[in-house]
K.L.:
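Dropping the structure in here first, questions after.
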Amino acid sequence: MEPTPNRILSADALVVFGVTGDLAHKKIFPALYAMARSGALNVPVVGVAASKLSLAQLYERVTNSINQAGKIDDQGAFDHLLSLLRYVGGDYNDPGTFKQLKQVLGDARRPAHYLAIPPVLFEKVIKGIGAAGLANQARVIVEKPFGRDLASARELNRIALSVFREDAIFRIDHYLGKEAIMNILYFRFANSFLEPIWNRNCVASVQITLSEDFGVKGRGAFYESAGCLRDVIQNHLFQIVALLAMEPPAYQGYGAVHNEKAKVFQAMRPLQPDDVVRGQYAGYRKEPGVAKGSDVETFCALRLFIDSWRWQGVPWYLRSGKCLTTSVAEVMVELKPPPQRLFDDSAPVDGPANYLRFRLAPNSAVALAARVKRAGKEFIGDQHELYLLEEQPGEETPYERLLADAMAGDGALFTREDAVEAAWAVVDPVLDAHHRAHTYKPGSWGPKQADALIAGDGSWHNPQ
Ligand code: BG6
């Protein structure tokens, strides 16, 4: 495949559809403010929503949003952001709304259209943009969830591609904008010591845990239509798997990374019901918007295989859930024990095997655990961690990074059509055909059936 250029031209306007919504309030305005502060925002920002809103009311929303996320500590940047704001109010069914948008966009030729709207509106808005002639040289930024199964993802791709070129479609998975996750790619391919052991010969298993100590936080209705597998595993956790499992990219352009990530999803064995343990925290059914007899999972653990030359036979265990013991995200790559037991305390008899641990949240770190000899006559020792990295100050938030990249036309941290569809193909067989969810106690590590899933290969590592 031809190397893809590293970017298309920068956008000369940003259109935020759904500017009065939750996502804009929680993530987009704070990100825009951060971009204004760093000098990265110098184009008009046109908010679009159904309600009739005055500019003063929009300013008020923006002010509240930024104050809630942090504080306005740079009045100049804040005033600059406000000076860039425009507003278009109108129904997405009405072509007049898009006409008005065209007028407000004026001379802008390469707008970035950000769909911060519910997925049911994607088709309508994408077609409205196309019909109004606002798609030429433009790009579209699409929020997750990108589809809710393979068929809907394909359909959404078809609609988006009928109006925009693939390199003008920026599908957001905010995990790709996190420093700790970008570091997986960097750490793997900027060092030479890892490659010889990074395969089925030396890796016994891989575990990824993304746990949260809070519930659905008022998003019961959304959760009822999604569940944990769709909400975080098919996207965020699978992206982490892809970065850990991919082959080295063939060249420096980001197209090469996309190619290798897509191959990982294509090599994943489609899940079967026995590969998946679903759980629901006690009390979930009392959340607003949740059905009394709901079987939707707020916890999901699964065993995954990647049928590739590198990973054949290595089990990947993924789990995520709400209302668990603590909020943490961690990858644990467990290595095989040495071929011969030359010391009485060699793994796996005494303690855990060597491992590599990627801490992703709340702080980030890479740790390599190896045994070293204790002082004394005996050849016995302990496992210690070489601690490689801690969080660095000055990190951009994922939304700041991703929004700036999409505006600049850099698609490295976004997902590609074929990869998204291949990832859905892996989970598709168990979206409807699955065992019932087991109830678990809030504050626990999920249902005990998840322990049985991993029992053949050890036990879950519960990050602190
Ligand atoms: C979102 C999910 O995509 O990711 C949420 O919808 C989840 O349910 C969140 O809590 C986790 O993201 P982060 O960045 O807080 O780890």
Side-chain angles (χ1 to χ4, degrees), residues 18 21-28 30-31 34 68-70 114-119 141-148 153 170-184 208-243 278-281 284 287-290 294 296-301 318-331 358-365 391 395-403 413-415 420 423-424 427 437 442 446 463:
D22 206 41
L23 181 71
H25 198 266
K26 282 197 185 126
K27 304 286 186 190
I28 301 176
Q68 265 175 37
Y114 190 160
L115 308 189
I117 47 177
I141 306 169
V142 191
E143 267 298 326
K144 86 169 250 280
F146 198 87
R148 60 183 323 277
F170 294 78
R171 299 175 190 82
I172 290 199
D173 182 319
H174 78 282
Y175 264 54
L176 294 177
K178 292 185 182 240
E179 281 293 337
I181 288 168
M182 291 188 246
N183 186 51
I184 296 176
I208 307 177
T209 296
L210 164 59
S211 65
E212 294 175 323
D213 64 1
F214 48 84
V216 291
K217 280 189 172 167
R219 294 160 79 219
F222 161 73
Y223 232 73
E224 283 289 278
S225 70
C228 180
L229 181 58
R230 285 190 175 92
D231 185 37
V232 295
I233 295 195
Q234 183 272 349
N235 37 65
H236 305 331
L237 265 64
F238 271 25
Q239 290 296 329
I240 297 171
V241 173
L243 292 169
R278 299 164 63 253
Q280 188 186 84
Y281 63 81
Y284 170 72
E287 301 271 3
V290 171
S294 173
V296 166
E297 80 283 359
T298 58
F299 170 97
C300 187
L318 277 49
R319 84 183 153 156
S320 181
K322 307 252 179 225
C323 276
L324 298 182
T325 314
T326 181
S327 289
V328 70
E330 201 162 276
V331 174
F358 290 90
R359 174 80 156 192
L360 308 175
N363 57 329
S364 64
E391 209 159 6
E395 279 184 16
E396 288 173 315
T397 64
Y399 272 88
E400 181 187 351
R401 170 69 195 250
L402 294 177
L403 206 46
L413 302 177
F414 298 84
T415 56
V420 171
W424 276 118
V427 300

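Numbers for residues simply follow the sequence, beginning at 1. Whatever order the structure lists them in is the order used to number ligands and atoms, beginning at 1.
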K.L.:
Specify the protein heavy atom at minimum distance from atom 10 (O) of ligand 1: its residue, its atom name, and the distance to 0.1 Å.
P.N.:
Glu212 OE2, 2.5 Å
K.L.:
Looking only at atom types and distance, does a side-chain atom of Glu297 sit under 3.5 Å from a main-chain N or O of Cys228, one as donor and one as acceptor?
P.N.:
yes
K.L.:
When you measure from the side chain of Arg230 to the backbone of Arg148, do you find a donor-acceptor pair of N or O atoms at a distance under 3.5 Å?
P.N.:
yes
K.L.:
If we count only N and O atoms by modelled type, under 3.5 Å, do the side chains of Thr326 and Asp213 hold a donor and an acceptor together?
P.N.:
no
K.L.:
Would you please classify the geometry between the Tyr175 ring and the His236 ring as parallel, tilted or perpendicular, with 30° and 60° separating the classes?
P.N.:
parallel
K.L.:
For the backbone of Tyr281 and the side chain of Thr298, can you confirm whether one donor and one acceptor N or O come within less than 3.5 Å of each other?
P.N.:
yes
K.L.:
Which of the numbered atoms in ligand 1 are below 4.0 angstrom from a heavy atom of Lys322?
P.N.:
5 (C), 7 (C), 8 (O), 10 (O)
K.L.:
Which residue and non-hydrogen atom of the protein lie closest to atom 16 (O) of ligand 1, and at what distance in Å?
P.N.:
Tyr175 OH, 2.5 Å
K.L.:
Relative to the heavy atoms of Lys178, which atoms of ligand 1 are at a distance of less than 4.0 Å?
P.N.:
13 (P), 14 (O), 16 (O)
K.L.:
For atom 8 (O) of ligand 1, which protein heavy atom lies nearest, and how many Å away is it?
P.N.:
Asp231 OD2, 2.6 Å
K.L.:
State, yes or no, whether a side-chain contact exists between Ser294 and Gln280 at a heavy-atom distance under 4.5 Å.
P.N.:
yes
K.L.:
Look only at interatomic distance and state if His174 has a nitrogen or oxygen under 3.5 Å from any nitrogen or oxygen of ligand 1.
P.N.:
yes
K.L.:
Mark up the atoms of ligand 1 that fall under 4.0 Å of a heavy atom belonging to Lys144, in ascending order.
P.N.:
1 (C), 2 (C), 3 (O), 6 (O)
K.L.:
Identify the closest protein heavy atom to atom 1 (C) of ligand 1: which residue and atom is it, and at what distance?
P.N.:
His236 NE2, 3.6 Å
